[in-house]
Amino acid sequence: MTNYNIVGKGIPRVDGPAKSTGKAIYTVDVKLPDMLYGKILRSPYPHARILNIDTSEAKKLPGVKEIITGQDLSDVRYAFVDTPRYPADERPLAVDKVRYIGDEVAAVAAESESIAEKALSLIKVEYEILPGVFTAEEAMKHNAPVIHDEQLEGTSAWEQWGVAQRKGSYESEIKVNNLSGHTSVSFGDVVKGFHESDYVREDSFELKATAHCQMEPHAAVASYDPIEQKLNVWLSTMGIFLKRFFLSKVLEMPASKIRVHHTFVGGAFGGKIDLFSYEYCAAYLSIKTGKPVKIELEREEVFMTTRQRHPMIIKIKTGIRKDGTILAQEVKAIADNGGYRGSGPVVIFLCHGFSFPIYNIENYSYEGFSIYTNNGIRGPQRGHGAPQIRFSIDSHLDLIARDLGIDPIDIMRKNVRHEGDVLPNGDKLNSCGLTECIEGAAKAIDWENKRMQFRAKEGNRRYRRGVGISLCSMFSGAMYYPFASAAIVKMHDDGSATLFTGAQDIGQGSFTTLSQVLAEELGIGMEDIQVVAGDTDLCPIDLGSFLSGTALVTGNAVKLAAADAKRQVLEGAAEILGVDDIDKLDTLEKKIFLKDNPEKSISFQQAIQASVLNRDGNPIIGKGFYKGYPQTDRYPSLAKGKGLFTSAYGFAAQAAEVEVDTLTGKVTLVKAVTFHDCGFPLNKTIVEGQVHGCVSMGAGQALSEEVFLENGQCFNPSFLSYQLPISLDTPESVDELVATIEPSGPFGAKEVGEGSVAGILGAIGNAVHDAIGVRFYSLPITPEKVLRALGKI
Amino acid sequence: MRLPEFEYFEPESLEEAINQLAKNNSCTIIAGGTDLVVALKQRLQNSRYLISLDKIPSLKKITKKDDAVIIGAMSTLDDIINYTLIKEKFPALRKAAWDVGSPLLRSIATIGGNICLNTRCRFYNQSLFWRSSREECFKVGGNICHVAKKKNSCVSTFSADIPPVLISYGARVKLVGANEERVIPLENFYSGDGRFPNVILSGSKEILTEIEIPIPQNNLKSCYHKYRMRESIDFPLIGVSVAIQFNEEKRCGDARIIITGAGTGPVEPAQVRGMLLNKKLNANLISDAAEAAVTEIYPFKTTLISPRYKREVAKIIISEAIREVGGI
Amino acid sequence: MKKTIRLVLNGEEKNLLVNVNQTLLDVLRDDLGLTGTKKGCNQGECGACTVLINGKPVSSCSLLAVKADGKSIDTIESVAKEGHLHPIQIAFNEKGAIQCGFCTPGMILVTKNLLEQNPNPQIDEIKEAISGNICRCTGYLQIINAIKSLAKS
């Protein structure tokens with residue numbers, strides 16, 4: 001492997017000092033002169049018709065500056081998915097109906113939060129309560145209450161970008177009630193495959209809603225300048241350009257008249273992509289009042305009214321040869337996306353997209369449904385579909401291995417894909433370390449010695465241990481507005497550089513890794529770089545920090561921008577050094593030198609000054625750009641799974657050792673092993689931190705986390721009642737990076753931030769089975785479920 | 001959620017505090033406030049006046065008096081944890097104080113506050129907005145229980161860690177009112193009514209000023225076991241305090257087993273005291289005692305955990321706790 | 001209703017006029033602009049709002065500001081001195097203990113108190129000390145490692 005000076009090293013975060021001293025400003029910390037505080041009135045009912053809203057009493061309350069309801073707003077709708085097939089279905093404030101508990105009904109701007117809260121209590125809303133439906137299976141039935149009974153017009157928000165143009169009618173051929181999305185993919189001949197199999201098994205799995213639990217609550221500050229007609233916003237978000245795009249659409253304002261300003265983001269995990277009502281309301285209230293307006297959600301609102309992971313039912317049928325070769329697989333997935341579509345059609349597509357790169361199955365069919373219910377809205381959450389599908393498939397294969405009396409790892413070995421494989425959609429695996437991941441994880445968990453051993457040895461002991469393994473994969477960026485990332489590198493007189501990027505550091509460390517890419521490529525030090533980011537007026541377009549695309553897509557853009565700047569530096573230097581070809585020059589530590597005579601050198605400072613002095617004042621500004629998905633005219637289709645999806649897939653094998661207390665039913669994750677193929681790790685410390693975070697979140701979702709819902713009402717909207725892991729739950733952890741080189745990635749890097757949230761669930765489920773001989777078909781595996789399964793309660 | 005409007009008094013003597021309490025309706029004593037502040041934000045508490053006991057130094061003292069330890073009600077949990085005599089003589093009390101909430105609350109939360117802690121329920125400990133989805137329940141003055149629909153009373157659950165231990169040590173509390181002061185066994189402080197689970201919450205205009213715990217003889221063994229899903233932050237799903245007086249032959253004398261998380265107040269399974277009397281502890285006896293104990297608890301689904309699971313876990317931790325004090 | 005309180009804030013004596021229905025967190029963030037102390041849950045369950053009161057870590061969202069009268073309060077803004085990061089801040093950054101950074105101020109203050117009480121904490125003691133501070137990003141491992149690296153054996 002090439003020796004690098006800066007990339008690959010565990011360099012401390014560039015934003016570490018700001019964050020550790022309390023100086024980092026998050027959206028919740030933004031305070032502007034004369035600022036008003038907004039609050040949102042929400043529906044207490046899961047499904048109801050709005051008969052009347054009376055704001056007159058609230059308007060009389062001193063300190064109340066503005067109150068808006070759905071009647072005041074235009075009819076523009078927005079949504080995470082906004083295509084001809086799936087028209088946007090959300091409004092900032094409800095007009096006709098409310099469709100989940102927390103649906104937005106009115107918004108208030110007042111001089112203080114207390115006054116705004118009081119104003120909400122004075123607004124009178126008359127509802128006609130409608131019957132609700134709270135599971136996808138019930139909602140699909142022909143006599144179920146219909147949640148969206150209005151006709152939505154579908155023009156694609158992105159048509160001007162050449163995406164998803166309407167072709168013919170999208171009348172669904174599927175006749176189920178409350179359908180919000182449908183994905184159907186198949187290749188080979190499944191019937192034939194099952195017919196030729198030695199063994200066929202079917203299982204059904206169920207996954208519950210989970211919460212992101214970003215530590216920073218969602219918040220927005222908006223400040224409208226009526227003279228400039230410009231809207232300034234501060235948002236806790238993963239993608240500034242996407243938010244600007246959404247706001248521009250719903251506010252019917254030119255994009256350039258909206259400026260998203262940089263703030264630090266206190267965690268996102270997928271839950272800060274969608275446009276939210278509170279963001280729109282802050283903007284609209286600011287436009288109406290001419291004053292800055294801040295809306296900060298309560299923790300309860302974050303749990304109940306932002307986004308959750310989709311609860312899913314997944315049915316799998318697999319046909320296999322005795323030797324473990326999978327011949328056919330049929331998967332059906334049903335996702336409950338709540339009262340609005342959210343990312344329903346996407347998650348059912350991604351369940352396929354994040355799983356099919358793993359096993360090479362000749363005959364395969366996948367069908368996914370996303371369904372409206374009267375639960376809270378579901379959206380992307382770290383892994384977005386991968387945890388659900390990976391838990392299900394690898395639990396299912398573990399069961400098959402037990403039935404056949406073979407080692408589940410042998411099934412994995414036999415069926416996994418390899419470098420160079422071309423996936424059925426045409427994506428090529430230019431790097432794939434799956435096999436190395438599996439072998440590494442098996443060794444690290446001591447698979448040969450520990451599997452099935454504990455049970456035999458420990459007999460009827462109270463504490464029993466077991467091991468399990470599972471695999472996962474993830475895109476490294478994909479196609480979503482604005483489809484590409486760009487970067488600008490501006491060189492200063494003193495030879496240092498400022499990087500302008502639209503990427504967001506949501507905690508994953510992108511400012512640091514992107515700075516490393518820049519420093520390495522340009523030949524300067526980390527201390528020579530400043531980052532200007534998160535500002536739509538200053539920074540070039542960027543995909544945003546989701547779909548795990550920042551390292552690969554924005555990383556490439558930064559590398560190209562650095563190369564462009566370097567070329568210009570070298571051109572300036574070549575004149576001074578009297579060299580005719582810049583290829584004879586190289587850079588290191590802010591010096592330009594002759595490759596064949598390193599003694600002969602000049603400083604960056606001299607070269608930059610020369611460029612200005614000798615070239616009509618031409619400053620050195622480097623530009624780079626990179627598309628977020630492979631160059632193709634085959635746009636991916638959510639419905640048919642056709643087209644190319646991503647440039648590179650990250651992979652991981654994860655193993656778990658658990659201890660089950662057979663008296664109380666408590667399962668403890670003793671040891672978690674992750675072997676992640678993330679390509680070349682740009683920053684080892686940061687990459688390991690991503691894996692640890694994934695493992696902790698995955699373990700929480702495997703063992704304790706669930707958004708408890710009864711008739712659409714969330715019973716645990718707090719950190720006390722929503723059982724996410726605390727420090728005392730931290731397992732022993734082994735993390736190895738299987739360094740492949742991804743040809744399309746900057747220095748060979750690809751995804752790391754999401755994949756390994758998905759494998760740990762199946763690893764834990766399989767380990768629990770190994771420990772106590774009981775299979776759990778649903779998560780989380782709570783102590784209560786364990787005791788029930790053991791027949792003790 | 002911002003705090004509601006209220007007025008705040010900081011009397012500098014107990015008499016002054018009691019006078020203020022007597023004078024005003026809609027008046028609540030605030031000790032550490034860790035629980036009360038949340039209740040105020042959620043509008044579960046709507047008092048117009050708060051009376052702080054911060055400026056009354058006598059309530060913060062821990063002293064030894066004859067054969068008892070007197071703990072001022074405003075002593076913080078950290079004070080309890082660090083007091084040498086408590087470390088030596090009341091290990092279960094120290095453990096229970098240590099187990100309350102998280103480390104970030106223990107330097108402000110007080111023992112008096114823990115004794116007066118309100119009962120909890122998944123339908124009750126929610127915000128005003130959350131509760132507006134449903135009819136008001138008994139606990140907030142309504143006419144229904146969402147947990148036990150057929151019951152004509154509130155089944156919210158007592159979840160304090162420290163009172164069971166104090167009861168098992170035979171502690172008494174001093175209540176001071178405008179005209180009288182009384183010292184009562186702590187078990188009598190609790191009403192068993194989910195709506196108004198203790199004397200103070202029932203509206204008596206008294207202030208709990210101190211706790212008196214008799215210093216046990218050397219052959220009293222005690223412990224507190226708390227079961228919860230996460231070993232910090234969480235309230236007990238079930239907690240059990242065991243204190244057994246052993247005689248020279250290692251037979252059980254008085255055995256007190258007090259359970260939290262299992263009813264509207266601390267629960268002492270009556271038959272167990274008799275079952276253990278004059279017996280030597282052994283595995284079978286302990287198992288029988290635990291089985292018998294859980295027939296006397298009546299958990300409801302006031303948390304997200306089923307009563308059936310609670311009962312099973314109660315059995316396990318009761319056994320474990322008795323085994324620990326018996327050294328088995 | 002307002003009250004004047006006297007306290008030592010980050011080493012400086014102050015008289016503050018506060019509303020009795022403000023928490024200490026409200027006063028720090030809204031009135032004094034000390035936004036390094038974060039509001040994560042506002043219910044005493046996450047530790048993002050941790051400050052040191054007379055040296056001990058406390059959830060400032062659970063404490064009425066009037067109750068800070070006569071106390072010494074230290075917030076994250078007091079930890080770096082004279083333009084230099086504190087060794088805890090350096091260790092947190094070097095060991096990868098910071099991701100989104102929202103829990104970081106609370107974690108650092110808890111660590112400061114822990115190391116003052118116990119200069120050589122074991123892993124279990126570290127986990128216990130930070131058990132009231134929730135972090136969703138790191139899975140706690142690199143935080144525990146950072147604190148362990150500061151232990152003086």
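These numbers come from a predicted model, not from an experiment. Labels below follow one simple rule: chain letters A, B, ... track the order of the sequence lines, proteins then strands, and each chain is numbered from 1.
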For this session: Quick one: which of A:P717, A:S721, A:S704 has the most heavy-atom pairs under 4.5 Å with chain B, could you say?
Result: A:P717
Problem set entry | B:E320, part contacting chain A, at a heavy-atom distance under 4.5 Å | side chain
Problem set entry | Part of A:P46 within contact of chain B (heavy atom distance under 4.5 Å) | neither
For this session: Tell me, for A:F708 versus chain B, whether the close heavy atoms (under 4.5 Å) come from the side chain, the backbone, both or neither.
Result: side chain
For this session: Verify, without hydrogens or angle tests, whether B:W130 (side chain) and A:C714 (backbone) share a donor-acceptor contact under 3.5 angstrom.
Result: yes
Exercise. Of the listed residues (A:N711, A:T782, A:L720), which shares the most heavy-atom pairs with chain B below a 4.5 Å separation?
Worked result: A:L720
Exercise. Where does A:S43 contact chain B at under 4.5 Å (heavy atoms): side chain, backbone, both or neither?
Worked result: backbone
Seminar exercise, completed: Smallest heavy-atom separation, A:P44 atom then B:S133 atom, equals O-OG, 2.5 Å
Exercise. Looking at side-chain heavy atoms only, is the closest gap between A:Y722 and B:L304 below 4.5 Å?
Worked result: no
For this session: Quick one: closest heavy-atom pair of B:S132 and A:Y45, and the distance?
Result: O-OH, 4.4 Å
Problem set entry | From CE (B:M1) to NZ (A:K39), nearest 0.5 Å | 7.5 Å
Exercise. Quick one: do B:E231 and A:K666 make a salt bridge, cutoff under 4.0 Å?
Worked result: yes
Exercise. Looking at B:R131, B:R134, B:R311, B:Q126, which has the largest count of heavy-atom pairs under 4.5 Å with chain A?
Worked result: B:R134
For this session: Can you tell which part of A:L724 gets under 4.5 Å to a heavy atom of chain B, answering side chain, backbone, both or neither?
Result: both
Problem set entry | Other residues, nucleotides, ligands: >12 heavy atoms within 6.0 Å of B:K151 NZ | no
Exercise. Any donor-acceptor pair under 3.5 Å linking the side chain of A:E117 with the backbone of B:R2?
Worked result: yes
Problem set entry | Backbone of A:L728 reached by a side-chain donor or acceptor of B:R230 within 3.5 Å | no
Exercise. Measuring heavy-atom distances to chain B, does A:Q723 have an atom under 4.5 Å in its side chain, in its backbone, in both, or in neither?
Worked result: both
Exercise. Around B:R308, counting heavy atoms of other residues, nucleotides and ligands shown, do more than 12 lie under 6.0 Å from its CZ?
Worked result: no
Problem set entry | Residue pair B:S127 / A:E298, side-chain donor-acceptor N/O under 3.5 Å | no
Problem set entry | Test: B:E5 and A:K118 ion pair at under 4.0 Å | no
Problem set entry | Rounded distance [0.5 Å steps], OG1 in A:T664 versus CD in B:E312 | 10.0 Å
Exercise. Out of curiosity, B:K310 NZ to A:E784 CD, how far, rounded to the nearest 0.5 Å?
Worked result: 11.0 Å
Problem set entry | Region of A:R788 that comes under 4.5 Å of a non-hydrogen atom in chain B | side chain
What side-chain donor-acceptor pairs closer than 3.5 Å can you find for residues 283-293 of chain B, not counting sequence neighbours?
none

For this session: Specify which of A:Q713, A:E113, A:E296, A:E300 makes the most heavy-atom pairs with chain B at under 4.5 Å.
Result: A:Q713
Exercise. Checking heavy atoms, do the side chain of B:R228, its backbone, both or neither come under 4.5 Å from chain A?
Worked result: backbone
Exercise. Hey, which of B:N125, B:L128, B:I316, B:V313 has the most heavy atom pairs under 4.5 Å with chain A?
Worked result: B:I316
Exercise. Considering only heavy atoms, which portion of A:L663 lies under 4.5 Å from any heavy atom of chain B: side chain, backbone, both, or neither?
Worked result: both
